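From a predicted model like this one, the values you see are computed outputs, not experimental measurements.
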Amino acid sequence: MRNKITQLLADIPHLTAKNKEEVEALRVQLLGKRGSITMLFDDFKQAPAEEKRELGQLLNQLKVKAAEQINRLREQVEIQSEAAASIDTSMPGQAAPLGTRHPLSIVRNEIIDIFKHLGYTVAEGPEVEDDYHVFGALNFPPEHPARDMQDTFFVTTDENPILLRTHTSSVQVRAMETQEPPVRIICPGRVFRNEAISARAHCIFHQVEGLYIDENVSFADLKQSILYFSREMFGAEAQIRLRPSYFPFTEPSAEVDVSCNICKGKGCNICKYTGWLEIMGAGMVDPNVLEASGIDSQKYTGFAFGMGIERIAMLKWQVKDLRHYFENDVRFLNQFKTAM
């Protein structure tokens, strides 16, 4: 008998009920005419006289606790019923707050859409690459000083090292190796360089590079394509200028500036009072690069260009610290809801 009382005392705090019917079923099970506790009171009459005092106290304690738990469950069920009754199910629900696309994704998609209108298709490739596709096939011999222009994360350092790609030009190489001209692709993707993180630099960033190879492709075609892109991205009044530059995989090469869309070319702190903003590098594909990928440089010519998505986004929205793009601060991201 003592064991039964002890077991019931341990079980009562864990009793639960979902509705009034279950509460009543518990009351009958414990305190009804044939309930467990009622039957224990009947058994109490047969208990030895020397144990009745202690057993009687335990039984009374058990009965009180059972009644309290049943009353507590009854109150909970009533509160839940009242709350459910107060809900107007005919009212429209509250919509969950929607997120927004990341600003880099917005700009990436906008760049892709612009070049798709010119007939470009999207090509992608691995982020972990071999030295040949990142450097060798792009006119970077092992001792070439241009390799020092890019600080590289190496995975292995054997004869043909494995590394994290420093540009998406490696995707262009893979396209030239597998496709017959004409080739007209853009290569968006994430790239990695071993640089100190600051307001204007990061070890991870995103690029979109383009490649067009066909017969009789000229520098004029390159200039017109970039002008079209700039006006679609920054407005119909945008102008561009090309400054001579150097890249191992293009010749001739140029840095491309666009007229500042903030001051309209008059000069401001964004463009450092020059009226121009640098947006990309470009040039005619070096014949050595074409030949390395099995393309006849006597028959085909082409141009390539590359831009940083972070750079374009900074210019488009005047973001002065590119670290914001990587911190996932909702307050920053919510500013771009209208740009989707």
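- Ion pairing of Lys20 with Glu78 is absent here, as no side-chain N (NZ or NE/NH1/NH2) approaches a carboxylate O to less than 4.0 Å.
- Hydrophobic clustering places Phe303 together with Phe219 (ILVMFWY residues linked when any side-chain heavy atoms are closer than 4.5 Å, directly or through intermediates).
- Across all their heavy atoms, Ser230 and Ala238 have their closest contact at O-CB, 3.9 Å.
- Contact annotation: the side chain of Cys203 approaches that of Phe153 to within less than 4.5 Å [non-hydrogen atoms, C-beta and beyond].
- Atom-to-atom distance recorded for Leu290:CG and Gln298:CD is 10.5 Å, nearest 0.5 angstrom.
- Salt bridge present: Glu278 and Arg243 bring a charged side-chain N and a carboxylate O closer than 4.0 Å.
- Smallest separation of non-hydrogen atoms from Ala282 and Val256: CB-CG2, 4.2 Å.
- In terms of heavy-atom proximity, Leu15 sits nearest to Gln69 at O-NE2, 3.2 Å.
- Summarising the geometry, atom CD1 belonging to Ile112 is positioned 11.0 Å from atom CD belonging to Glu110; distances are rounded to the nearest 0.5 Å.
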Where do Val122 and Ile186 land on the side-chain contact (heavy atoms from CB on, under 4.5 Å) test, with the steps shown first? CA-CA 5 Å; Val122 176; Ile186 51 174; 4.2 Å; yes

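- For the pair Leu163 and Phe192, the minimum side-chain heavy-atom distance is 4.5 Å or more.
- Atom CG of Leu138 is separated from atom CG of Asn288 by 11.5 Å, given to the nearest 0.5 angstrom.
- At distances below 3.5 Å, at least one donor-acceptor pair connects side-chain atoms of Arg184 with backbone N or O atoms of Leu118.
- Around CD of Gln57, the count of heavy atoms belonging to other residues, nucleotides or ligands within 6.0 Å exceeds 12.
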When you look at Thr301 and Val285, which way does the side-chain contact (heavy atoms from CB on, under 4.5 Å) test go after all the steps? CA-CA 7 Å; Thr301 55; Val285 180; over 6 Å; no

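- In the hydrophobic clustering of this structure, Leu222 groups with Met280; members are Ile, Leu, Val, Met, Phe, Trp, Tyr whose side-chain heavy atoms approach within less than 4.5 Å, directly or through other members.
- A donor-acceptor contact under 3.5 angstrom links the side chains of His206 and Glu310, judged on distance only.
- Rounding to the nearest 0.5 Å gives a distance of 13.0 Å between CZ of Arg74 and CD1 of Ile79.
- Within the 4.5 Å cutoff, side-chain heavy atoms of Val191 are placed close to those of Gln207.
- Cluster annotation: Ile162 and Ile204 are assigned to the same hydrophobic cluster (Ile/Leu/Val/Met/Phe/Trp/Tyr, side-chain heavy-atom contacts under 4.5 Å, transitive).
- By the salt bridge (charged side-chain N to carboxylate O under 4.0 Å, His left out) test, Asp11 is found to be paired with no residue, residues two or more places apart in sequence or in another chain being considered.
- In the hydrophobic cluster analysis, where Ile, Leu, Val, Met, Phe, Trp and Tyr join through side-chain heavy atoms closer than 4.5 angstrom, Leu242 is grouped together with Leu315.
- For the 3.5 Å distance criterion, the side chains of Glu177 and His133 qualify, holding a donor opposite an acceptor.
- Using a 3.5 Å distance cut-off with no hydrogens or angles, the side chains of Ser169 and Glu209 do pair a donor with an acceptor.
- Leu164 and Ile197 are not part of a single hydrophobic cluster, where members link through side-chain heavy atoms under 4.5 Å apart.
- Ion pairing of Asp151 with Arg193 is absent here, as no side-chain N (NZ or NE/NH1/NH2) approaches a carboxylate O to less than 4.0 Å.
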Derivation and outcome, side-chain contact (heavy atoms from CB on, under 4.5 Å), residues Val289 and Met176: CA-CA 9 Å; Val289 174; Met176 288 188 288; 3.7 Å; yes

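- Within the 4.5 Å cutoff, no side-chain heavy atoms of Trp276 are placed close to those of Val258.
- Listed for the Arg165 side chain is a donor-acceptor partner under 3.5 Å among the backbone atoms of Arg190.
- Heavy-atom neighbours of Glu215 CD from other residues, nucleotides or ligands within 6.0 Å: above the threshold of 12.
- Side-chain contact between Thr168 and Val208: absent, with no pair of heavy atoms (C-beta onward) separated by less than 4.5 Å.
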Before you tell me yes or no, could you show the steps for Ile312 and Met233 under side-chain contact (heavy atoms from CB on, under 4.5 Å), namely the whole-Å CA-CA distance, both residues' side-chain angles and the distance that decides it to 0.1 Å? CA-CA 9 Å; Ile312 300 297; Met233 177 61 70; 4.1 Å; yes

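- Between Ile106 and Phe336, the shortest heavy-atom contact is CD1-O, 3.8 Å.
- Not a single donor-acceptor pair under 3.5 Å links the side chain of Asp221 to the backbone N or O of Val217.
- The neighbour count for Asn216 CG, taken as heavy atoms of other residues, nucleotides or ligands under 6.0 Å away, does not exceed 12.
- Atom NZ of Lys65 sits about 10.0 Å away from atom CZ of Arg72, to the nearest 0.5 Å.
- A side chain to side chain contact (heavy atoms under 4.5 Å, CB included) with Met314 is found for exactly one of Leu277, Leu322, Asp321, namely Leu322.
- Side-chain contact between Val23 and Ile70 is present, with at least one heavy-atom pair separated by less than 4.5 Å.
- Summarising the geometry of Thr166 relative to Thr152, their closest heavy-atom pair is CG2-OG1, 3.6 Å, with the distance given to 0.1 Å.
- Around atom CZ of Arg200, no more than 12 heavy atoms belonging to other residues, nucleotides or ligands sit under 6.0 Å away.
- Ser253 places no side-chain N or O within 3.5 Å of a backbone atom of Tyr246 that could act as its donor or acceptor partner.
- The two residues Ala137 and Val173 come nearest to each other via the heavy atoms CB-CG1, 3.6 Å.
- By the 4.5 Å heavy-atom criterion applied to side chains, Arg231 and Phe234 are not counted as neighbours.
- At distances below 3.5 Å, not a single donor-acceptor pair connects side-chain atoms of Glu129 with backbone N or O atoms of Ser170.
- With rounding to the nearest 0.5 angstrom, the CD1 atom of Ile114 is 12.0 Å from the OG atom of Ser225.
- The ring pair (Phe, Tyr, Trp, His ring centres under 6.0 Å) test with Phe305 singles out one residue from Phe115, Phe229, Tyr212, and that residue is Phe115.
- Between the side chain of His102 and the backbone N or O of Leu333, no donor-acceptor pair lies under 3.5 Å.
- Between Arg27 and Glu22, no side-chain nitrogen of the basic residue sits less than 4.0 Å from a carboxylate oxygen of the acidic one, so the salt-bridge criterion is not met.
- Side-chain contact between Pro181 and Ile295 is present, with heavy atoms from C-beta onward closer than 4.5 Å.
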